[in-house]
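Within every chain, numbering begins at 1; the chains are lettered A, B, ... in the order of the sequence lines, protein sequences first and strands thereafter. Nothing here was measured: the structure is a model prediction, and the numbers come from that model.
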2 protein chains.
Amino acid sequence: MTDYKLDDQIGFVLRRVNQRHLAIFSQLLPELTPTQFAALAKLIEVVEVSQNELGRLIAMDAATIKGVVDRLARRGLLEARRNPNDSRRKLLRASSEGKVLYENVVATALRISEKTMDPLSTGEKVQFLGLLKRLW
Amino acid sequence: MTDYKLDDQIGFVLRRVNQRHLAIFSQLLPELTPTQFAALAKLIEVVEVSQNELGRLIAMDAATIKGVVDRLARRGLLEARRNPNDSRRKLLRASSEGKVLYENVVATALRISEKTMDPLSTGEKVQFLGLLKRLW
DNA sequence: AATATATTGTTTGTGTGCAAATGAAGTTTG
DNA sequence: CAAACTTCATTTGCACACAAACAATATATT
């Protein structure tokens, strides 16, 4: 008879912390989902990429990034064109609306991260993020 | 111009760590999803509960727990009956198959938690889980 | 007892997230 | 050059996850 405590398992706690983070995110930045914001932020950073490559940069598989890109495109936040040298590739760029939105909300995105970690002291935040990153 | 590094944001790192955890889980315990295992484990712990109450115990909303319970019931891992005193309520219990499966995999579930935190030392694991829990 | 309020489970709609299969288009190899 | 392979985007199918609306049923208030 093994003693198993659900509340002590990292997977379960991870899920709950993520729930809290999602709630904070959608309250402070209801215009975009965390996923959509990540895609937009990365797209602005790299200027132009293909769809699958963008997915790889933010750890989304081909099926997932397709949906995210479609939703951003439908709202006019990014633009797609075909790569003339490789007609399989769909090259993506943030539109000017996308850039404006990003500039308007990036400070809020930072506040979301802060608020999520608010229960921790400054030192603990650094420590926690360091440990968390090692679990990639 | 705010300096925003996606890879340093807790939400993004949380998502990646969760991805890694999910991959470990489905490799070591492909019979159940983490969600289904959580529902089964909690159900065995509390013996009998209504569907929505079970959802509350493991932080799943009514729509989500319904799907999870339906899938477990379809596989015969739990049984449902109507509460005679309150005919709205669907009372759930783990079936004997459900209990057997749980006993057979609970040790594996513990190994999954261990493996997820493997990159950390013993002291760091305790420390990390403590900090993580404070972010509920 | 009649009305108002709350809760239970269900359904619909939207958005991730992954596996597996597919056709089109490149690249590598014999 | 042709066959084998790889990659790109797409589609389908399944599993969470939450919001909002709903009917049925309980409970509380007057």
Side-chain angles (χ1 to χ4, degrees), chain A residues 11-12 14-27 29-40 49-75 77-78 80-92, chain B residues 11-12 14-27 29-40 49-75 77-78 80-92:
Chain A
F12 188 71
L14 232 31
R15 183 170 151 274
R16 302 213 48 166
V17 173
N18 203 46
Q19 281 179 336
R20 180 165 155 273
H21 174 256
L22 260 26
I24 292 170
F25 197 105
S26 82
Q27 194 200 340
L29 188 34
E31 299 94 327
L32 291 170
T33 65
T35 320
Q36 289 166 7
F37 180 77
L40 184 59
V49 253
S50 71
Q51 183 172 288
N52 280 6
E53 177 64 15
L54 178 59
R56 254 173 252 127
L57 292 171
I58 54 177
M60 294 178 201
D61 78 351
T64 302
I65 192 65
K66 185 198 188 308
V68 175
V69 164
D70 283 355
R71 271 164 238 125
L72 290 173
R74 199 196 310 146
R75 291 177 52 188
L77 299 175
L78 62 77
R81 67 185 180 92
R82 224 69 211 186
N83 183 340
N85 303 329
D86 183 347
S87 57
R88 294 170 309 176
R89 279 185 165 78
K90 193 160 79 170
L91 289 178
L92 306 176
Chain B
F12 188 72
L14 232 31
R15 184 171 149 275
R16 303 214 47 167
V17 173
N18 203 45
Q19 281 180 335
R20 180 166 155 274
H21 173 255
L22 260 27
I24 292 170
F25 196 106
S26 81
Q27 194 201 339
L29 189 34
E31 301 93 327
L32 291 170
T33 65
T35 320
Q36 290 166 8
F37 181 77
L40 184 59
V49 251
S50 71
Q51 182 172 289
N52 280 6
E53 177 64 16
L54 177 59
R56 255 173 253 127
L57 292 172
I58 52 177
M60 293 178 201
D61 78 349
T64 301
I65 192 66
K66 186 197 188 309
V68 175
V69 164
D70 283 355
R71 269 165 239 124
L72 290 173
R74 200 195 310 145
R75 291 178 52 189
L77 300 175
L78 61 79
R81 66 184 182 91
R82 225 69 211 184
N83 183 339
N85 303 329
D86 184 345
S87 59
R88 293 171 307 176
R89 279 183 164 78
K90 194 160 78 169
L91 289 178
L92 307 177

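Atoms CG (A:Asp70) and P (D:dT11) sit 8 Å apart, rounded to a whole Å. Summarising the geometry, the separation between NZ on B:Lys66 and P on D:dA23 is reported as 18 Å, rounded to the nearest angstrom. Atom-to-atom, CG of B:Leu22 to P of C:dC18 comes out at 8 Å; the value is rounded to the nearest Å. Protein atom CG of B:Asp61 is 13 Å distant from nucleotide atom C1' of C:dG13, rounded to whole Å. With rounding to whole Å, A:Arg82 atom CZ is found 8 Å from D:dC8 atom C1'. One can place CD1 of A:Ile65 at 11 Å from C1' of C:dT16, the figure rounded to the nearest angstrom. Here the P atom of nucleotide D:dT7 and the CG atom of A:Leu91 are 18 Å apart, to the nearest Å. B:Gln51 places its CD atom 9 Å from the C1' atom of C:dT8, with the value rounded to the nearest Å.
Looking at residues two or more places apart in sequence or on another chain, you find a side-chain contact (heavy atoms from CB on, under 4.5 Å) between A:Ala80 and A:Lys90, A:Leu92. Listed by chain and residue number, B:Asp86 satisfy the side-chain contact (heavy atoms from CB on, under 4.5 Å) test with B:Arg88 (two or more places apart in sequence, or in another chain).
The CE atom of A:Met60 sits 11.5 Å away from atom CD of A:Gln51, with the distance rounded to the nearest 0.5 Å. Distance CZ/A:Arg89 to CD/A:Glu53: 8.0 Å, rounded to 0.5 Å. A distance of 12.0 Å separates CG of B:Leu78 from CG of B:Leu91, quoted to the nearest 0.5 Å.
One finds no side-chain N or O of B:Ser87 lying less than 4.0 angstrom from the OP1 or OP2 phosphate oxygen of D:dA24. Between A:Arg56 and D:dC8 there is a side-chain N or O to OP1 or OP2 distance below 4.0 Å. Using a 4.0 Å cut-off, no side-chain N or O of B:Gln19 falls inside it from OP1 or OP2 of C:dG17.
Nucleic acid contact class of B:Ser26 (heavy atoms, under 4.0 Å, all strands): none. Looking at heavy-atom distances under 4.0 Å, B:Lys90 makes contact with sugar-phosphate atoms alone, never a base. Within 4.0 Å (heavy atoms only), B:Asp86 reaches sugar-phosphate atoms of the nucleic acid but no base atom.
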Report each atom pair, protein N/O against N/O of nucleotides 22-24 of chain C, whose distance is under 3.5 angstrom.
none

Short N/O separations, protein against nucleotides 14-16 of chain D, under 3.5 angstrom:
residue, atom, partner, partner atom, Å
D:dC16, OP1, B:Thr33, OG1, 2.7
D:dC16, OP1, B:Thr35, OG1, 3.2
D:dC16, OP2, B:Gln36, NE2, 3.1
D:dC16, OP2, B:Arg71, NH1, 2.3
D:dC16, O5', B:Arg71, NH1, 3.1

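The backbone N or O of A:Ser87 lies less than 3.5 Å from a partner atom in the side chain of A:Arg82, making a donor-acceptor pair.
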Side-chain donor-acceptor contacts of residues 65-72 of chain B below 3.5 Å, not counting sequence neighbours, with atom names and distances?
residue, atom, partner, partner atom, Å
B:Lys66, NZ, B:Asp70, OD2, 2.6
B:Arg71, NH1, B:Gly67, O, 3.4

Report all side-chain donor-acceptor pairs from residues 29-36 of chain A shorter than 3.5 Å, counting only partners two or more places apart or in another chain.
residue, atom, partner, partner atom, Å
A:Thr33, OG1, A:Gln36, N, 3.0
A:Gln36, OE1, A:Thr33, N, 3.3

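For the pair A:His21/B:Arg15, no side-chain contact is recorded, criterion being any heavy-atom separation below 4.5 Å from C-beta on.
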